Colleague: 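One structure, pasted below without further comment.
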Amino acid sequence: MPLDHTKNMLETLKYYGDCQITQTFSKDHIRVLAVRYMKESHSFEITYTENLIKKTFPTIDSAAAAIEKAVGNH
């Protein structure tokens with residue numbers, strides 16, 4: 001997925017911050033990660049499905065970079 005599409009999706013998650021929306025990313029039909037916007041902390045939480053590690057990213061750019069890295073390297 002192009003980086004600008006990933007950023008657009010993150011903008012949408014942030015815009016609907018009152019909702020509990022989780023976006024899942026897959027590669028070759030294998031779930032790689034799930035991302036959600038946390039309104040309380042104004043950050044994005046990424047859960048890597050392989051090891052269930054959760055990481056928080058304060059900006060759209062940092063979250064998008066982490067998503068691209070994980071999906072591209074899986």
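For the single chain, residues carry numbers from 1 onward in sequence order. Heavy atoms only: backbone and side chains are in, while hydrogens, waters and symmetry mates are out. Please read all numbers here as calculations on a predicted model, not as lab measurements.
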Colleague: For the residue pair Leu10 and Ala63, what are the closest heavy atoms and their distance?
Modeller: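 In this case the closest contact between Leu10 and Ala63 is CD1-CB, 3.8 Å.
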
Colleague: Does the side chain of Glu45 come within less than 4.5 Å of Val35's, by heavy atoms?
Modeller: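 Sidechains of Glu45 and Val35: no contact.
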
Colleague: I need the Arg31 CZ to Thr49 OG1 distance, nearest 0.5 Å.
Modeller: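 That separation rounds to 6.0 Å.
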
Colleague: Looking at every heavy atom in both Val32 and Ala70, which two are closest together, and how far apart are they?
Modeller: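 Taking every non-hydrogen atom into account, CG1-O, 3.8 Å.
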
Colleague: With Ser43, which residues qualify under side chain to side chain donor-acceptor pair (under 3.5 Å), at least two apart?
Modeller: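 Expected list: Ser41.
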
Colleague: Identify each donor-acceptor pair in which a side-chain atom of residues 11-25 lies under 3.5 Å from a protein atom, sequence neighbours left out, and give them as a table.
Modeller:
{"unit_1": "Thr12", "atom_1": "OG1", "unit_2": "Asn8", "atom_2": "O", "d": "3.0"}
{"unit_1": "Asp18", "atom_1": "OD1", "unit_2": "Lys39", "atom_2": "NZ", "d": "2.3"}

Colleague: If every non-hydrogen atom of Met9 is compared with every non-hydrogen atom of Ile67, which pair is closest and at what distance?
Modeller: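 Shortest heavy-atom contact: CE-CD1, 4.4 Å.
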
Colleague: Does anything in residues 34-66 pair up under ring-ring contact (aromatic ring centres under 6.0 Å, His included), and if so which pairs, sequence neighbours excluded?
Modeller: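 Every ring-ring contact (aromatic ring centres under 6.0 Å, His included) pair that includes a residue of residues 34-66, provided the two are not neighbours, is Tyr37-Phe44.
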
Colleague: For His29, which residues count as a side-chain contact (heavy atoms from CB on, under 4.5 Å) partner, sequence neighbours excluded?
Modeller: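 Scan of His29 (side-chain contact (heavy atoms from CB on, under 4.5 Å), adjacent residues dropped) gives none.
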
Colleague: Are the side chain of Asp28 and the backbone of Ile30 linked by a donor-acceptor contact shorter than 3.5 Å?
Modeller: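 Answer holds: no.
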
Colleague: side-chain contact (heavy atoms from CB on, under 4.5 Å) for Thr6 and Glu68? Distances and angles first, verdict last.
Modeller: CA-CA 8 Å; Thr6 302; Glu68 293 298 313; 2.6 Å; yes

Colleague: Kindly compute the distance separating CZ (Arg36) from OG1 (Thr47), expressed to the nearest 0.5 Å.
Modeller: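 Going from CZ on Arg36 over to OG1 on Thr47, the span is 7.0 Å.
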
Colleague: Quick one: CD on Glu50 to CG on Leu33, what's the gap to the nearest 0.5 Å?
Modeller: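 If we round to the nearest 0.5 Å, Glu50:CD and Leu33:CG are 11.5 Å apart.
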
Colleague: Can you name the residues that form a side-chain contact (heavy atoms from CB on, under 4.5 Å) with Thr59, not counting sequence neighbours?
Modeller: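 Only Asp61, Ser62 meet the side-chain contact (heavy atoms from CB on, under 4.5 Å) criterion with Thr59.
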
